Amino acid sequence: MQLGVIGLGRMGQIVVDRTLQAGHDVVAFDLEPEAVATAADAGARPADSIADLADRLGEEKRIWLMVPAGEAVDATLEELEAHLDSDDIVVDGGNSYFEDSVRRAERCPAAYLDCGTSGGPAGAELGFSLMVGGPEWAYEEVTPVFDAVATGPAGHEHMGPAGSGHYVKMVHNGVEYALMQTYGEGFELLHEGRYDLDLENVASVWNNGAVIRSWLLELCEEAFREEGSDLGDVADRIEGGSTGTWTVQEGLEQEVPLPLIYTALSERFGSRADDGRFSRRLANRLRYGFGRHEVQRRD
Ligand SMILES: NC(=O)C1=CN([C@@H]2O[C@H](COP(=O)(O)OP(=O)(O)OC[C@H]3O[C@@H](n4cnc5c(N)ncnc54)[C@H](O)[C@@H]3O)[C@@H](O)[C@H]2O)C=CC1
Ligand SMILES: O=C(CO)[C@H](O)[C@H](O)COP(=O)(O)O
């Protein structure tokens, strides 16, 4: 089959490569000509605009968007709109907010699939895990591409109607935040605790048969191997946060308690204070206020 791919960054290039490797044709476009050239080197047909991509795809267009969530998706859809009809299919494989996907599905002239994509650029060798929402017929139609981009047929599933794919991916990311936080806490205790431990060894032995083995734990092992047990000069600052924020907001709306995910998200926000956490500084000063405990001052 023939697939148009728009957005050829870390994730989009993998969609291109895996689709080509499975024997399909790819037409590729990105705002960055260098990214288009890389896709062309891999065997894709380069397009120099969205209109050109649509022209090259001809009838029954199947188009995969892998651009940053938010405005870039709306801008791309706006440009695509005039070239689409109801036989066409658009897949949004990015981390879009599920309510945006519901809105886009209603407005898009083509069938619209919201596809949560997990695995990250580091998971490219195995293929991704894909959670797809939208019309069943469109999901079936794009299945050969999903087979190629995912780990195989078991690596993608149809979740339900519009929005459900990105909804499931949003929750997946909330779980990801909490798992990262809990591994972080455990390793922090081991690092600060009673024994002088090689944390790469700890992660390695846990990854071999322990209850808590996982891919994230393998990535902890890799991090300790590459940075050292004390994580070298890796900074105390965590970026990202949009998908975790949406998960927590949804928990509040549905009245489902998500204390671990909320805490993990809060830790991220807290890590970004340039001048130290105000709340910790105040607690430090209050201990003097009530207990005459020595105030810890900055150097
Ligand atoms: N990096 C990751 O671990 C994962 C990322 N995602 C999601 O996949 C999407 C893409 O992520 P990445 O590949 O990591 O980002 P990236 O920043 O590496 O690549 C985005 C690409 O889109 C292009 N682009 C931006 N606006 C465009 C437009 N209007 N038209 C055409 N091209 C445009 C950029 O030039 C860039 O090449 C995002 O929604 C992200 O949240 C999903 C799962 C994992
Ligand atoms: O979806 C992903 C992994 O599953 C992306 O890596 C995403 O960027 C992670 O979210 P955040 O940037 O908030 O950490």
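Atoms within each ligand, like the ligands themselves, are counted from 1 in listed order. Everything quoted here is computed from the prediction, not taken from an experiment.
- Counted by atom type alone, Asp114 and Ser101 present zero donor-acceptor pairs between their side chains at under 3.5 Å.
- Nearest to atom 26 (N) of ligand 1 by heavy atom, out of Val36, Leu65, Asn173, Leu31, is Leu31.
- In terms of heavy atoms, His166 sits closest to Gly116 at CD2-N, 3.8 Å.
- Linking Ile, Leu, Val, Met, Phe, Trp and Tyr residues whenever their side-chain heavy atoms come within less than 4.5 Å leaves Val67 and Val36 in two separate clusters.
- Looking from atom 13 (O) of ligand 1 to the surrounding protein, the closest heavy atom is Met11 N, 2.8 Å.
- Val67 O, 3.5 Å is the protein heavy atom nearest to atom 9 (C) of ligand 1.
- Between Asp25 and Arg56 there is no salt bridge, since none of the side-chain N atoms of the basic residue sits less than 4.0 Å from a carboxylate O of the acidic one.
- Near Glu32, meaning under 4.0 Å from one of its heavy atoms, ligand 1 places the atoms 35 (O).
- Considering only non-hydrogen protein atoms, atom 20 (C) of ligand 1 sits nearest to Pro68 CD, 3.8 Å.
- Scanning the protein for heavy atoms near atom 36 (C) of ligand 1, the closest one is Asp30 OD2, 3.5 Å.
- The residues Asp74 and Arg107 are annotated as not salt-bridged, no charged nitrogen and carboxylate oxygen being separated by less than 4.0 angstrom.
- Below 4.0 Å from some heavy atom of Gly94 lie the following atoms of ligand 1, by number and element: 7 (C), 8 (O), 9 (C), 39 (O).
- Closest heavy-atom approach to atom 41 (O) of ligand 1 within the set Asn95, Ile14, Thr243: this belongs to Asn95.
- Set against the non-hydrogen atoms of Ala72, the atoms of ligand 1 under 4.0 Å away are 26 (N).
- Ligand-side atoms of ligand 1 in range of Ala69: 39 (O), range being under 4.0 angstrom from any heavy atom.
- For atom 3 (O) of ligand 1, the nearest non-hydrogen atom of the protein is Pro121 CD, 3.3 Å.
- Annotation for Leu126: hydrophobic cluster partners, listed by chain and number, are none (ILVMFWY side-chain heavy atoms under 4.5 Å, direct or chained).
- Ranking protein heavy atoms by distance to atom 19 (O) of ligand 1, first place goes to Gly9 CA, 3.2 Å.
- In the hydrophobic clustering of ILVMFWY residues, with side-chain heavy atoms under 4.5 Å counting as a link, Phe128 and Val5 come out together.
- Applying the side chain to side chain contact (heavy atoms under 4.5 Å, CB included) rule to Val256 yields the partners Gln254, Leu258; only residues at least two apart in sequence or on another chain are considered.
- The heavy-atom pair separating Val175 from Ile261 by the smallest distance is N-CD1, 4.1 Å.
- Here the protein heavy atom with the shortest distance to atom 15 (O) of ligand 1 is Arg10 NH2, 3.7 Å.
- Of all the atoms in ligand 1, the ones that sit under 4.0 Å from a non-hydrogen atom of Thr117 are 42 (C), 43 (C).
- When atom types are taken as modelled, the side chain of Arg285 and the backbone of Val295 share no donor-acceptor pair closer than 3.5 angstrom.
- Among residues at least two apart or in separate chains, ring-ring contact (aromatic ring centres under 6.0 Å, His included) pairs with a member in residues 218-263 are Tyr97-Trp246, Phe187-Phe224.
- Shortest contact from atom 10 (C) of ligand 1 to any protein heavy atom: Met66 O, 3.5 Å.
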Are Glu185 and Gln181 close enough, and set up right, to give a side chain to side chain donor-acceptor pair (under 3.5 Å), and what steps lead you there? CA-CA 6 Å; Glu185 288 180 13; Gln181 178 66 22; 2.9 Å; yes
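- Under 4.0 angstrom from ligand 1, there are no non-hydrogen atoms of Ile50.
- Protein residues with a heavy atom closer than 4.0 Å to ligand 2 are Asn95, Lys169, His172, Asn173, Glu176, Tyr177, Gly240, Gly241, Thr243, Arg268, listed by chain and number.
- Ligand-side atoms of ligand 1 in range of Gly120: 3 (O), range being under 4.0 angstrom from any heavy atom.
- Between the Asp17 side chain and the Ala42 main chain, no donor and acceptor come within less than 3.5 Å of each other.
- His158 places a side-chain N or O within donor-acceptor distance of the main-chain N or O of Gly134, the cut-off being under 3.5 Å.
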